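A short write-up of the structure that comes next.
Everything numeric here is computed off the predicted structure, so don't read it as measured data.
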Amino acid sequence: MSNYKSGFIAIVGRPNAGKSTLLNALLKEKIAIMSDKPNTTRNNISGILTNEDCQYVFVDTPGIHKPQQQLGRVLNKNAYSAMEDCDVIGWIVDGSQAFGTGDSFILKRIETLHNRLY
């Protein structure tokens with residue numbers, strides 16, 4: 001029996017917070033598109049990092065935002081789904097921007113999910 005470990009990590013945050021950039025940097029390969037345009041990531045993108053004794057499955061998600069149309073609601077739903085399905089949530093905050101209501105909303109969502117599960 002192997003002691004090999006694995007886990008899923010959802011990378012969440014506001015649009016253009018650097019989620020795809022982080023995923024590409026962690027994997028040392030460009031698998032997620034990076035753009036200054038908000039909502040470039042439309043679907044959850046998985047990237048796998050394998051070491052000798054463990055495997056990390058990172059899930060890059062669309063930016064969580066206040067949706068104005070159906071597309072925005074679908075993008076948020078993709079991110080929320082990853083948050084619920086993964087073992088760990090990696091919340092990315094853009095340090096060059098002031099902490100705003102969008103960040104507070106995501107934090108509250110994470111706290112609610114945590115309290116529901118634990």
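- Residue pairs that meet the salt bridge (Lys or Arg N to Asp or Glu O under 4.0 Å) test with at least one member in residues 48-65, sequence neighbours left out, do not exist here.
- Pairs passing the salt bridge (Lys or Arg N to Asp or Glu O under 4.0 Å) check and including a residue from residues 106-115, sequence neighbours excluded, do not occur.
- Applying the salt bridge (Lys or Arg N to Asp or Glu O under 4.0 Å) test to pairs two or more places apart or on separate chains, none has a residue in residues 19-28.
- Side chain of N44 to backbone of N78: a donor-acceptor contact under 3.5 angstrom is found.
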List the atom pairs, with distances to 0.1 Å, where a side-chain N or O of residues 98-105 and a protein N or O form a donor-acceptor pair under 3.5 Å, not counting sequence neighbours.
from, atom 1, to, atom 2, distance (Å)
D103, OD2, R14, NH1, 2.9
D103, OD2, G100, N, 3.0
S104, OG, G100, O, 3.3

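- Here the CG atom belonging to N16 is positioned 11.5 Å from the NE2 atom belonging to H65, to the nearest 0.5 angstrom.
- Residues A10 and A82 share a closest heavy-atom pair of CB-O, 3.7 Å.
- A 6.0 Å sphere centred on CD of Q69 holds no more than 12 heavy atoms belonging to other residues, nucleotides or ligands.
- Nearest approach of A79 to I64, heavy atoms of both residues: CB-CG1, 3.7 Å.
- For the residue pair P67 and G72, the shortest heavy atom distance occurs at CB-C, 3.5 Å.
- Minimum heavy-atom separation, V57 to S46: CG1-CB, 4.4 Å.
- No side-chain donor-acceptor contact under 3.5 Å links H114 to the backbone of T112.
- Side-chain contact between Y80 and T61: absent, with no pair of heavy atoms (C-beta onward) separated by less than 4.5 Å.
- Residues L75 make up the rest of the hydrophobic cluster containing L71, defined by ILVMFWY side-chain heavy atoms closer than 4.5 Å, directly or through other members.
- Applying the under-4.5 Å side-chain rule to Ile, Leu, Val, Met, Phe, Trp and Tyr, the cluster around L26 extends to I9, I11, L22, L23, L27, I31, I45, L49, Y56, F58, V88, I92.
- Applying the side-chain contact (heavy atoms from CB on, under 4.5 Å) test to I89 and every residue at least two apart in sequence or in another chain returns V12, M83, I110, L113.
- Within the structure, the salt bridge (Lys or Arg N to Asp or Glu O under 4.0 Å) test picks out the following pairs touching residues 65-91 (sequence neighbours left out): E84-R116.
- Evaluation of the side-chain contact (heavy atoms from CB on, under 4.5 Å) rule for S6 yields Q55 as partners, not counting sequence neighbours.
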